[in-house]
Amino acid sequence: MKLADNKATLSFSNGSPSVEMPMYHGTIGPDVIDIRKLYGQTGLFTYDPGFLSTAACQSAITYIDGDKGELLYRGYPIEQLATQCDYLDTCYLLLNGELPNTAQRGDFHKMVLKHTMVNEQMQFFLRGFRRDAHPMAVLTGLVGAMSAFYHDSTDINNPQHREIAAIRLISKMPTLVAMAYKYGKGEPYVYPRNDLSYAGNFLRMMFATPCEEYVVNPVLERALDRIFILHADHEQNASTSTVRLCGSSGTNPFAAIAAGVACLWGPAHGGANEACLNMLEEIQASGGISKVAEFMEKVKDKNSGVKLMGFGHRVYKNYDPRATLMQETCNEVLAELGLENDPLFKLAKEVERIALEDDYFVSRKLYPNVDFYSGIVQRAMGIPVNLFTGIFALARTVGWIAQLNEMISDPEYKIGRPRQLFVGATARDVQPLEKR
Ligand code: CMC
């Protein structure tokens with residue numbers, strides 16, 4: 001962070017003295033005004049619910065240019081990472097700042113793939129859940145419970161503990177997600193196989209049974225790996241900010257990541273892929289493509305409360321670059337599985353076509369986001385709809401850890417403690433019951 005040449009001056013219409021505030025340059029993106037001393041100097045807070053204009057931290061991990069539709073992990077365009085690297089390379093990059101060389105790549109892959117098994121006791125903990133529990137409810141519990149299983153890596157202020165916790169979380173998340181799936185289905189858990197790739201191992205834990213051998217399809221393996229890359233990090237989104245805020249109290253990394261999982265579950269965030277597929281299935285059930293125009297009218301009617309799921313983004317005011325890559329993967333997977341004429345895919349294309357031409361969406365810069373096509377890909381692979389957000393959580397775990405570690409290592413880090421504009425009752429006395 002570099003001090004900018006100019007400063008910001010805040011003046012007041014009531015004659016109070018104006019206040020000068022320093023400004024900083026990042027490497028790209030808007031400059032920031034440093035308001036940290038504002039309260040001390042003026043007794044005033046700023047007001048920014050939803051963080052529309054507030055940078056809550058400095059970060060060197062992920063950069064999004066929402067107008068250009070650009071996404072960079074540590075400076076590398078998402079398009080290059082998605083086509084030239086795999087998910088574990090991307091994890092290494094997010095955690096360490098650089099892509100691995102051959103030796104580092106081999107060591108990192110080996111390390112992650114060696115720690116995939118979870119403590120056997122975890123399955124008894126899982127058994128406490130109802131079989132029909134939502135996988136995100138189960139995952140929130142299982143990830144939080146990791147702090148009860150791995151006591152030797154819970155000190156967030158110890159860099160070695162953080163490193164061990166990072167590897168454990170990345171290695172074991174696929175195992176936990178697959179266990180949550182198998183438990184819901186009533187099938188036996190499938191133990192990880194460390195000779196398979198990260199994505200291949202996950203597919204096997206999901207779809208193998210003890211009754212027959214499962215052969216990993218390389219097209220699906222690559223598609224899943226790409227889903228993981230595209231979801232690996234996304235700067236200061238709601239769940240990442242949750243992880244940072246939770247971790248800022250000094251809580252252990254597993255607890256902080258569990259908070260991220262809980263936040264991701266919401267339909268405005270990670271739950272959008274599930275909500276999007278449900279939406280497409282509802283349109284399909286109501287009559288299919290011929291009903292799309294009618295549905296879009298409902299979306300445009302503010303009183304209907306209906307949103308076009310998989311569209312719009314707080315930061316992207318252009319095509320989400322992840323959606324372009326996901327659409328490509330969608331074509332590949334559907335072709336591999338002989339589902340080119342999948343009615344839901346056709347329906348999605350029609351929804352997209354109408355939205356991209358309609359003034360409601362164009363004027364508000366609402367474009368498809370990553371979730372618009374990821375649900376169709378996952379459904380084609382046989383992944384149940386209610387597990388989509390769990391897979392997003394699996395992929396985002398590395399981003400959460402990288403951001404958490406960056407925060408803890410930042411000398412300017414403090415416990416997060418927003419202030420408020422209080423609009424409730426002023427001090428008053430409790431009245432006796434008969435007078436209330
Ligand atoms: N369908 C219909 N109208 C929309 C939509 C949508 N999906 N998204 C935004 N709008 C309208 C909104 O009603 C508002 O209209 P007006 O200016 O007339 O009041 C305008 O567009 C601006 O929207 P906003 O609500 O101020 O935008 P936001 O930045 O607060 O919300 C969002 C961003 C992602 C929560 C929202 O676009 C949304 O709910 N989208 C659907 C859910 C979704 O797909 N979420 C996944 C995001 S990508 C995955 C991730 O990173 O988690």
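Order of appearance sets the numbers: ligands from 1, and atoms from 1 within every ligand.
The cationic group of R127 does not satisfy the cation-pi geometry with Y183, failing either the under 6.0 Å distance to the six-membered ring centre or the 45° limit from the ring axis. For the pair R419 and Y39, the distance from NZ or CZ to the six-membered ring centre is under 6.0 Å and the angle to the ring normal is within 45 degrees. Both the sub-6.0 Å distance and the 45° axial angle are not jointly satisfied by R131 relative to the ring of F129.
The side chain of D371, and not its backbone, has at least one atom closer than 4.0 Å to an atom of ligand 1 (non-hydrogen atoms only; side chain from C-beta on). In L308, the parts holding a heavy atom less than 4.0 Å from any atom of ligand 1 are both the side chain and the backbone. The part of R364 lying near ligand 1 is the side chain, judged by heavy-atom distances below 4.0 Å. Only the side chain of K302 comes within 4.0 Å of ligand 1, judged by heavy-atom distances.
In terms of polar-atom proximity, V370 is not counted as a contact of ligand 1, lacking any N or O under 3.5 Å from an N or O of the ligand. Any N or O atom pair closer than 3.5 Å counts here, and M309 shares no such pair with ligand 1. For ligand 1, the polar-atom distance check finds no N/O of K317 at less than 3.5 Å from any of the ligand's N/O atoms.
In the vicinity of G270, heavy-atom distances shorter than 4.0 Å reach the ligand 1 atoms 52 (O). Shown in contact with Y360 at under 4.0 Å from a heavy atom are these atoms of ligand 1, numbered in order with element: 2 (C), 3 (N), 4 (C), 11 (C), 13 (O). The contact set between ligand 1 and L366, taken as ligand atoms under 4.0 Å from a residue heavy atom, comprises 3 (N), 4 (C), 5 (C), 8 (N), 9 (C), 10 (N), 21 (O). Heavy-atom contacts of A272 reach the following atoms of ligand 1: 43 (C), 44 (O), 45 (N), 46 (C) (cutoff under 4.0 Å). Close contacts of ligand 1 with G310, meaning ligand atoms under 4.0 Å from a residue heavy atom, involve 43 (C), 44 (O). Atoms of ligand 1 found under 4.0 Å from any heavy atom of V299, numbered from 1 in the order shown, are 1 (N), 2 (C).
Of all heavy-atom pairs between P253 and A165, the closest is CG-CB, 3.9 Å.
At the shortest separation from atom 34 (C) of ligand 1 among protein heavy atoms lies G312 O, 3.7 Å. Nearest protein heavy-atom contact of atom 29 (O) of ligand 1 is R314 NE, 2.7 Å. In terms of protein heavy atoms, atom 41 (C) of ligand 1 is closest to F311 O, 3.4 Å.
For the pair R168 and E163, the salt-bridge criterion is not met [side-chain N within less than 4.0 Å of a carboxylate O]. Salt-bridge formation is not detected for the pair K349/E352: no Lys NZ or Arg NE/NH1/NH2 atom is positioned less than 4.0 Å from an Asp or Glu carboxylate oxygen.
Note: Y316 and H313 have tilted aromatic rings, judged against thresholds of 30 and 60 degrees for the angle between ring planes.
No more than 12 heavy atoms of other residues, nucleotides or ligands shown are found within 6.0 angstrom of CE on M117.
Between the side chains of E235 and T240, no donor-acceptor pair of N or O atoms lies under 3.5 Å. Side-chain polar atoms of D233 and T62 form a donor-acceptor pair below 3.5 angstrom.
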